[in-house]
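As the structure lists them, so they are numbered: ligands from 1, and atoms in each ligand from 1. As a basis for the values below, the full set of heavy atoms in this structure was taken, side chains included, without hydrogen atoms, waters or symmetry mates.
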Amino acid sequence: MLKSVRAAITGFGSYLPTKILSNADLERLVDTNDEWIVQRTGIRERRVAAVGESSATMAAEAGKRACANAGVDPKEVDLVICASITPETICPSTACFVQRDLGCKPAAAFDLSAACSGFVYSLSVARGLIESGQFKKCLVIGTETLSRFTDYTDRGSCIIFGDGAGAVLLQPTEEANKGIQYTVLKADGDGFDYIITPAGGSRLPASHETVDQKMHFLKMRGREVYKFAIEKMQWLMEDCMNACGLSVEDVDLVVPHQVNIRIIESATSKLKFPIDKVYVNIDRFGNTSAASIPIALEEAQRLGRMKPGSTVLLAAFGAGLTWAGAVIKV
Ligand code: COA
């Protein structure tokens, strides 16, 4: 009888630029202060890409590190998926730059755009492609250079965002108690303008006017996003636990999108998750959109917060509006 195949995470990698942008640095740019930012978001500092660093260079480094962590030669990778809202170029995909850098020709390569939910969306797509038998070594990468799309005169948004990349390598396994157990993906396009980069696409191509009006930067309706995020994060955790028959006790670690410490604490405390079961690094990296969950996963694995056999719940939400969750057995 044919055994069913699951997609297991066999390697974790991340890349964070070395340059730090602290709250004190932001105080010099906009009318804000460290106390307000820490209280309202939990963020103390974030990373900013240096000249020469970009979404593809950071993604390739994170991907190489995930392969090294798995003991796999990057040349053996047969699929690269990059999730990003700050791609290397609009055309071609960031994933093609990464594939070139990894030297894994002719691996399939494409980008997936689902904003802060992009990594979990990509994980779900890769899971399906591995379970179908089409691919065997798949890099799923979240990568963002948000500093290049942030308006550093807008105090409502510039305090949030940071740069970085995180990656996982997925491979097939026949062990039922390992790998991705469940994924859920949702969207509501009515909320398209909650978080939006208004210009630079076919809807509003680049012009002098769009540049003058700063329409190539991310615009965010913070308060509305806040409410949406709390509701969806709680829903995602409940849905994941119900679908897999898990109680709070059965979950070893929740790795939420690093969006805002108040959103994370509010949603997890409503479900009575002790805070030591929730991975938080927003204080050091800010909100890195699609990169936030894989960066956190790599750190959690390296620091021993997840071990073989751990049950890990992922919950993400972002522009679109989109939201997505997953349950993985490490
Ligand atoms: N420094 C100091 N004061 C600030 C400020 C800043 N950086 N940004 C806003 N304020 C002020 C506002 O002007 C407002 O002043 P007022 O009461 O005099 O009008 C007050 O602080 C409260 O503003 P508000 O927008 O209600 O703050 P908030 O508590 O909602 O926090 C965010 C703002 C952006 C931190 C919060 O809404 C948030 O995190 N939203 C989620 C956004 C997100 O993560 N998006 C990414 C996509 S997943």
Residue Phe317 vicinity, atoms of ligand 1 by number, heavy atom under 4.0 Å: 48 (S)
Protein contact of atom 10 (N) of ligand 1 - nearest heavy atom, named by residue and atom, plus distance: Trp36 CZ2, 3.4 Å
Per-atom contacts of ligand 1 with Arg40, taking only distances under 4.0 Å to non-hydrogen atoms: 22 (C), 27 (O), 28 (P), 29 (O)
Is it true that Arg221 and Glu224 have a side-chain N and a carboxylate O under 4.0 angstrom from each other? yes
Quick one: does ligand 1 sit under 4.0 Å from the side chain of Thr41, the backbone, both or neither, non-hydrogen atoms only? side chain
In terms of heavy-atom contacts, does CD1 of Ile90 have more than 12 from other residues, nucleotides or ligands at under 6.0 Å? no
Drop me the distance from Lys329's NZ to Cys244's SG, to the nearest 0.5 angstrom. 10.0 Å
Give the C-alpha distance, both sets of side-chain angles, the deciding distance and a yes or no for salt bridge (Lys or Arg N to Asp or Glu O under 4.0 Å) between Arg127 and Glu131. CA-CA 6 Å; Arg127 170 198 185 198; Glu131 287 180 356; 3.3 Å; yes
Protein non-hydrogen atoms only, distance under 4.0 Å: does atom 4 (C) of ligand 1 have such a neighbour? yes
Listed partners of Pro274 passing side-chain contact (heavy atoms from CB on, under 4.5 Å), at least two apart: Val248, Asp276, Lys277
Could you list which atoms of ligand 1 come closer than 4.0 Å to a heavy atom of Asn260? 35 (C), 38 (C), 39 (O)
Distance (rounded to the nearest 0.5 Å) between Leu218 CG and Asp154 CG: 10.0 Å
One residue to check: Ile37. Relative to ligand 1, which of side chain, backbone, both or neither has a non-hydrogen atom less than 4.0 Å away? neither
Salt-bridged, Asp163 to Arg46, with N to O below 4.0 Å? no
Considering only heavy atoms, does Thr32 approach ligand 1 within less than 4.0 Å through its side chain, its backbone, both, or neither? both
If the threshold is 4.0 Å, N to carboxylate O, is there a salt bridge linking Glu298 and Arg302? yes
At under 4.0 Å between heavy atoms, which part of Val30 makes contact with ligand 1: side chain, backbone, both or neither? neither
Those residues that, when tested against Phe119, pass ring pair (Phe, Tyr, Trp, His ring centres under 6.0 Å) (two or more places apart): none
Ranking His257, Glu27, Lys232, Arg223 by closest non-hydrogen atom to atom 25 (O) of ligand 1, top hit is Arg223
Quick one: look up the protein heavy atom nearest atom 44 (O) of ligand 1 and list residue, atom name and how far away it is. Val259 CG2, 3.0 Å
Atom 45 (N) of ligand 1: which of Met220, Gln258, Lys227, Glu224 has the nearest heavy atom? Met220
What is the distance from atom CD1 of Ile85 to atom CD1 of Ile195, rounded to the nearest 0.5 Å? 7.5 Å
Which of the atoms of ligand 1 are close to Cys116, meaning less than 4.0 Å from one of its heavy atoms? 47 (C), 48 (S)
Atom 46 (C) of ligand 1: which protein heavy atom is closest, and how many Å away? Asn287 ND2, 3.3 Å
When the ring centroid of Phe149 is compared with that of His216, is the distance short of 6.0 Å? no
Number the atoms of ligand 1 from 1 as they appear, then name those within less than 4.0 Å of a heavy atom of Ile195, with their elements. 47 (C)
re atom 13 (O) of ligand 1, the protein heavy-atom contact at minimum distance is Arg155 NH2, 2.9 Å
Per-atom contact, atom 16 (P) of ligand 1, protein heavy atoms, under 4.0 angstrom: no
Can you list the ligand 1 atoms lying under 4.0 Å from a non-hydrogen atom of Val225? 41 (C), 42 (C), 43 (C), 45 (N)
Where the closest heavy atom to atom 40 (N) of ligand 1 is concerned, which of Ser157, Gly156, Gly222 has it? Gly222
Just jot down the ligand 1 atoms closer than 4.0 angstrom to any heavy atom of Arg262, in number order. 28 (P), 29 (O), 31 (O)
Are the side chain of Asp25 and the backbone N or O of Ser22 linked by a donor-acceptor pair below 3.5 Å? yes
Salt bridge between Asp78 and Lys137, side-chain N to carboxylate O under 4.0 Å? no
In ligand 1, which numbered atoms sit nearer than 4.0 Å to a non-hydrogen atom of Ile159? 7 (N)
Does atom 31 (O) of ligand 1 have a protein non-hydrogen atom under 4.0 Å from it? yes
